[in-house]
Each structure stands twice: as structure tokens, then as C-alpha cells.
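All remarks here apply to the structure that follows.
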Amino acid sequence: MPRVDAGLTGEQRRVLLSAESGLRDLPWRRTRDPWSVLVAEVMLQQTQVARAEHRWVAFLKRFPTTAACAEAPLSELLEEWAGLGYPRRARNLQLTAIQVESNGGVIPNRLEDLLTLPGVGPYTARAVLAFAFEEDAAIVDTNLGRILARRAGRPLGRAEAQAQADAWLPSGQSWAWNQALLDIGALRCRPQAPVCTGCPVRRTCAWARASWPAPDPAAGSAAVSTRQAKFEGSARQARGRLLRAAQQGAVSPEGLSAAAGLEGQADAQARARAVADSLVSDGLLERDGASNWVISGTTPNP
DNA sequence: TAAACGTGGGC
DNA sequence: TGCCCACGTTT
């Protein structure tokens, strides 16, 4: 563990000290295995820490390597993913495992290569660099986006936020630095009622120094999550229902509307078909020999 | 109940 | 390039 020492600003020293004095004890913080880190980061895309913790352990127990994940039937991945939401993340994870296997079985350690992997974007690529390879890379997720905007005292654009994060990162301390800021974002620099007392960033935080004037600079700033469209009655809801139904067994053309939970609604057939098509586009469903919808890669009943 | 440790496609 | 939108489920 590198010592927190000279060459750093006082602010950088304080942030790193906060990591030394104790980060949250999360299971993925105990590994540097690239596949394990990648699975964690994909799982944490739009899923809260509390819900991902035990699922990450179970997923890796079943698919400990990219080879194991690449070879498994998609239906098995979806079983392990059930309840986490956004199942195309599981599909992309498998496509990534397949791509890695076809390239020698080694997860890349360069940003541009990581970005070619399905489901790996600017955040996840840098998280793998920082948390698996301990290379200098500044992550910008909703937590960092919030911290950066408040510190700047104004909403930031995407490139601007990334540039500030890059400039802020102390060289050679990428792992601890990024983990520290994730905890500061989640526990202190929260969306509502931030806990600024004792915050290592407070002295350089423009928003705090100005006594938190409205509006919150994080609102509308890059990478900061925003409210979603209504879920009830949405295509997303129908997708979830149809995929769950297909996991129980092949869905016939006649049973499609009911499986998607759209029975009795106007344009039920057309809507259900559109929902099925979107799942096919994502590589989650396919048609079998009898035109039933089944999980991709599964064999129809003889 | 609103919010939760993003990515990819379209314009 | 950059903004908008779709994408699931749980507590």
C-alpha cells in the first residue's frame, strides 16, 4: 500500500486519508481479479450496492472465469441475474466473456480495448483499470458526477466532468482514490441532505463555500442520474414479464400477449410483438422451430 | 416512494 | 460532439 505523502495537495491527502481510515467493507473490494471486478461493476450499473452484494458472490461462484461464462447457456446466466433488472447486462457480460476468450482469455488493460467490450462504457472501463489493474484512471459515475459538480459550483458537461476528474486524480493512488470518492459520494455527498461536516473536500467545494445556494449544481450535471419515465404500464415492465415467462418455458404466439401482461389492452398483439422483438434485438429471446419465443441459445423441447 | 455506484442507439 | 431516451427491479 503506497503511503499517503508529499506531492499531493492538502485536499488529495485528506481524501486518501479518509480511505485509509476505513472504506465500506464491500466484497468486491477484496479482489483484484479483472473478471470479478468487471462482473461487480456491470452488476452495479443501475443496481444498488445492498442488492448486488450477495448476487455478485453467487454469480462468480457459478461463473468464476470468462471461460465458464462464455460457455454457459444464456438461460443459466439469466437465472443468476434474476431480480437484478436490465437483463441485457447479463447478455452483454456473456458477449464480453466470449470476446475475451477469443482474444486469448485475457481481459484488456487499456482503455480503448476495454471500451470495445459490449456493455462496457466510460465508467466501467475506467473502473476495471483502477480497481483491477490499479492504473491511473478517474471514474465518473453518478457519485463522482455529483461531487464534481458541487465542487465546481455549477453543472458540468460530460467531457468537462471527465477532464476535471482526470486532473484531480493523484498519480499512483488510483484504487484508493476512486474508492474513497465513491464512499464520499454515497455516504456524504448524497443527493439530498449532504453531510458536509468533516468532508475532506469541503474546503475546496464551491457549493459548500457559498452556503449551498439553490439550485444544487449536481442537478442536471453530467453522469448524475435523473428520474425515469413511469414504469407502470411501460414496455420495460412488459419486457420483464415476458422474459420471466420465457424462463419458465417457451411462449407460444397465442400466449404472447398474456405472457407480456398486456392481455385485454388496446393493441395488445402489436404491443406484445414489439416487446418480443426488442428482446430479440437484445439477444435475449429467439424464435424456435415452432415459432415460439424462447431464451436465446436454449434448445426447444423435443 | 423516489432513487439507485451506466450503456448504447438515435438524432 | 453532445444531449435525449430506453432500458428493470427492489426497498
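Just so it is clear: chains get the letters A, B, ... in the order the sequence lines come, proteins before strands, and each one is counted from 1. On a predicted model such as this, the values are computed, not experimentally measured, just so you know.
Within the 4.0 angstrom heavy-atom criterion, only backbone atoms of the sugar-phosphate kind lie near A:Arg244; the bases stay farther away. A:Ala127 comes within 4.0 angstrom of nothing in the nucleic acid, heavy atoms only.
Screening residues 48-57 of chain A for salt bridge (Lys or Arg N to Asp or Glu O under 4.0 Å), with sequence neighbours left out, gives no hits. Pairs of residues two or more places apart, or lying in two chains, that qualify as side-chain hydrogen bond (donor to acceptor under 3.5 Å, both in side chains) and include a residue from residues 191-214 of chain A are A:Glu11-A:Thr204. A salt bridge (Lys or Arg N to Asp or Glu O under 4.0 Å) check over residues 99-111 of chain A, counting only residues at least two apart or in different chains, returns the pairs A:Arg110-A:Glu112, A:Arg110-A:Asp113.
Spacing between B:dG8 and C:dT1 at atom P, rounded to whole Å, works out to 16 Å. B:dA3 and C:dC7: their C1' atoms are spaced 16 Å apart (whole Å). Of the C1' atoms belonging to C:dT10 and B:dT1, the separation is 12 Å, rounded to the nearest Å.
Whole-Å rounding puts the A:Leu84 CG to C:dC7 C1' distance at 14 Å. Taking atom CZ of A:Phe231 as the reference point, atom P of B:dA3 lies 17 Å away to the nearest angstrom. The nearest whole Å value for the distance from the CG atom in A:Leu279 to the P atom in C:dA6 is 16 Å. C:dT10 atom C1' lies 15 Å from atom CD of A:Glu232, rounded to whole Å. Atoms CZ (A:Arg89) and P (C:dT10) sit 12 Å apart, rounded to a whole Å. Between the CZ atom of A:Arg227 and the P atom of C:dA6 there is a distance of 15 Å, given to the nearest Å.
For A:Asn92, there are no side chain to side chain donor-acceptor pair (under 3.5 Å) partners at least two apart in sequence or on another chain. Scored by the ring-ring contact (aromatic ring centres under 6.0 Å, His included) test, A:Phe63 finds A:Phe59 as partners (sequence neighbours excluded). Applying the ring-ring contact (aromatic ring centres under 6.0 Å, His included) rule to A:Trp293 yields no partners; only residues at least two apart in sequence or on another chain are considered.
Comparing A:Gly240 and A:Ala159 along DNA chain C, the residue whose closest nucleotide (by nearest heavy atom) sits nearer the 5' end is A:Ala159. Comparing A:Gly83 and A:Ala229 by the nucleotide of DNA chain C that holds the closest heavy atom to each, the one mapping nearer the 5' end is A:Ala229.
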Go through the steps for A:Val37 and A:Arg32 under the test side-chain contact (heavy atoms from CB on, under 4.5 Å), then give the verdict.
-> CA-CA 7 Å; A:Val37 168; A:Arg32 298 294 184 277; 5.7 Å; no
Name every donor-acceptor pair, under 3.5 Å, that has one atom in a side chain of residues 177-185 of chain A and the other anywhere in the protein, sequence neighbours excluded.
unit_1, atom_1, unit_2, atom_2, d
A:Asn178, OD1, A:Ile139, N, 3.2
A:Asn178, ND2, A:Ala137, O, 2.8
A:Asn178, ND2, A:Ser174, O, 2.9
A:Asn178, ND2, A:Ser174, OG, 3.2
A:Gln179, OE1, A:Arg29, NE, 2.8
A:Gln179, OE1, A:Arg29, NH2, 3.0
A:Asp183, OD1, A:Arg24, NE, 2.7
A:Asp183, OD1, A:Arg24, NH2, 2.9
A:Asp183, OD1, A:Arg29, NH1, 3.2
A:Asp183, OD1, A:Arg29, NH2, 3.0
A:Asp183, OD2, A:Arg24, N, 2.8
A:Asp183, OD2, A:Arg29, NH1, 3.2

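Between the side chains of A:Ser296 and A:Arg91, no donor-acceptor pair is found at a separation under 3.5 Å.
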Go along nucleotides 4-11 of chain B 5' to 3' and tag each nucleotide: B for a protein heavy atom under 4.0 Å from its base, S when only backbone or sugar atoms are that close, - otherwise.
-> BBBSS---
Nucleotide-level pairing of DNA chain B, given in dot-bracket where Watson-Crick and G-U pairs need both distances under 3.5 Å and | marks other strands = .|||.||||||
